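Notes for the one structure printed next.
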Amino acid sequence: MQYREFGRTGWQVSAISFGAWAIGGAWGSVQDDESLAALHTALEQGINLFDTADVYGDGRSERLLARLKKETGQEFYILTKAGRRLDPHTADGYNRKNLTAFIERSLKNLDTEAIDLVQLHCPPTEVYYRPEVFGVLDDLVQAGKIRTYGVSVEKVEEGLKALEYPNVQSVQIIFNM
């Protein structure tokens, strides 16, 4: 496996990561034992970066990653995303109350005290022009709930704007094959 530096984090991560959307069950019926077998195989092949979100199976994929960590005791990075639980999915929903609740739920699902990296989950473009949203994320880092944060974007404008915030450590661009 090849490893590369991840964003601004300084982490050395596998060039291939494991995307956990499908093991959440949103793409059809999946069995947890099969999902865990796939996760174990990924670790055995040197993958050390797992991408998930709180909405993947309503937290199911996060809980499976928690089981993987418990079963193996191995160190690896988990990136989760927050914000898509909002209904309606509007910029005003990206506030302290909601973001804190999303993080607390993911902490419980992941059975951890601190999340390696949280990404805003393709928020409306307007969110990137609201410094107070990034201030909430800074506060969550200070509180020890998240180690670092980034964004998942749909538009170049969003990625460029996000990079103006000094503590944004990663920009994930949506690319589904």
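Note that the coordinates shown come from a computational prediction; the quantities given were computed from them, not determined experimentally. We number each residue from 1, following the sequence as shown.
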Quick one: [atom1] on [X] to [atom2] on [Y], what's the gap to the nearest 0.5 Å?
X	Y	atom1	atom2	answer
E5	Q12	CD	CD	6.0 Å
E34	L39	CD	CG	12.0 Å
F18	L43	CZ	CG	9.5 Å
R96	L137	CZ	CG	9.5 Å
L36	I23	CG	CD1	7.5 Å

Is it the case that the side chain of [X] and the backbone of [Y] share a donor-acceptor pair, with hydrogens and angles ignored and the cut-off at 3.5 Å?
X	Y	result
Q45	A42	no
K69	F76	yes
E104	T100	no
R8	V168	yes
R147	A114	yes
T9	F6	yes

Quick one: does [X]'s side chain get under 4.5 Å of [Y]'s, heavy atoms only?
X	Y	value
Q172	V151	no
D116	T148	no
K155	I174	no
T112	L107	yes
H40	E71	yes
K81	L120	no
E62	K108	no
I115	I78	no

>> Let's go through K161 and E164 carefully: what are the C-alpha distance in whole Å and the side-chain angles of both, what is the deciding distance for salt bridge (charged side-chain N to carboxylate O under 4.0 Å, His left out) to 0.1 Å, and is it a yes or a no?
In response: CA-CA 5 Å; K161 185 63 181 170; E164 293 179 13; 2.8 Å; yes
Give a yes or no on whether [X] and [Y] share a hydrophobic cluster (residues Ile, Leu, Val, Met, Phe, Trp, Tyr; joining criterion: side-chain heavy atoms under 4.5 Å apart).
X	Y	result
L64	V55	no
Y128	Y94	yes
I173	L49	no
L99	Y129	yes

> Can you list the steps and then say if R60 with D54 is a salt bridge (charged side-chain N to carboxylate O under 4.0 Å, His left out)?
Replying inline: CA-CA 8 Å; R60 182 179 182 185; D54 59 353; over 6 Å; no
> Just checking, any donor-acceptor pair under 3.5 angstrom between side chains of T52 and S61?
Replying inline: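 Indeed, the side chains of T52 and S61 share at least one donor-acceptor pair under 3.5 Å.
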Does [X] [atom1] have over 12 foreign heavy atoms under 6.0 Å away?
X	atom1	answer
L163	CG	yes
D111	CG	no
Q142	CD	no
E132	CD	yes

> Please walk me through it: do N48 and S14 pass side-chain hydrogen bond (donor to acceptor under 3.5 Å, both in side chains)?
Replying inline: CA-CA 6 Å; N48 69 349; S14 50; 3.3 Å; yes
> So D58 and R85, salt bridge (charged side-chain N to carboxylate O under 4.0 Å, His left out) or not? Walk me through it.
Replying inline: CA-CA 9 Å; D58 194 29; R85 301 189 71 73; 2.7 Å; yes
>> If you take the centroid of each ring, where Trp contributes its six-membered ring, are F102 and H121 closer together than 6.0 Å?
In response: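 No, they do not, as the ring centres are separated by 6.0 Å or more.
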> Is the gap between the ring centers of Y77 and F50 under 6.0 Å?
Replying inline: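 No: the rings miss the under 6.0 Å criterion.
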>> So which atom in E154 and which in E158 form the shortest heavy-atom distance, rounded to 0.1 Å?
In response: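 Heavy-atom minimum between the residues: N-OE1, 2.9 Å.
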>> So which atom in G159 and which in V153 form the shortest heavy-atom distance, rounded to 0.1 Å?
In response: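 Closest approach of G159 to V153, heavy atoms only: N-CG1, 3.8 Å.
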> Mind checking whether Y56 and W21 have parallel, tilted or perpendicular rings, split at 30° and 60°?
Replying inline: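 Geometry flag for W21 against Y56: parallel rings.
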> According to the interplanar angle, ranging from 0 to 90°, do the rings of Y165 and F134 count as parallel (below 30°), tilted (30 to 60°) or perpendicular (above 60°)?
Replying inline: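 Y165 vs F134 ring planes: parallel.
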> Given the rule in the side-chain hydrogen bond (donor to acceptor under 3.5 Å, both in side chains) test, do Q119 and S152 qualify, once you have shown the distances and angles that lead to the verdict?
Replying inline: CA-CA 6 Å; Q119 297 183 123; S152 179; 5.2 Å; no
>> Under 4.0 Å between a side-chain nitrogen and a carboxylate oxygen: does that hold for D92 and R130?
In response: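 Looking at R130 together with D92, the answer is yes, because their closest N to O distance falls below 4.0 Å.
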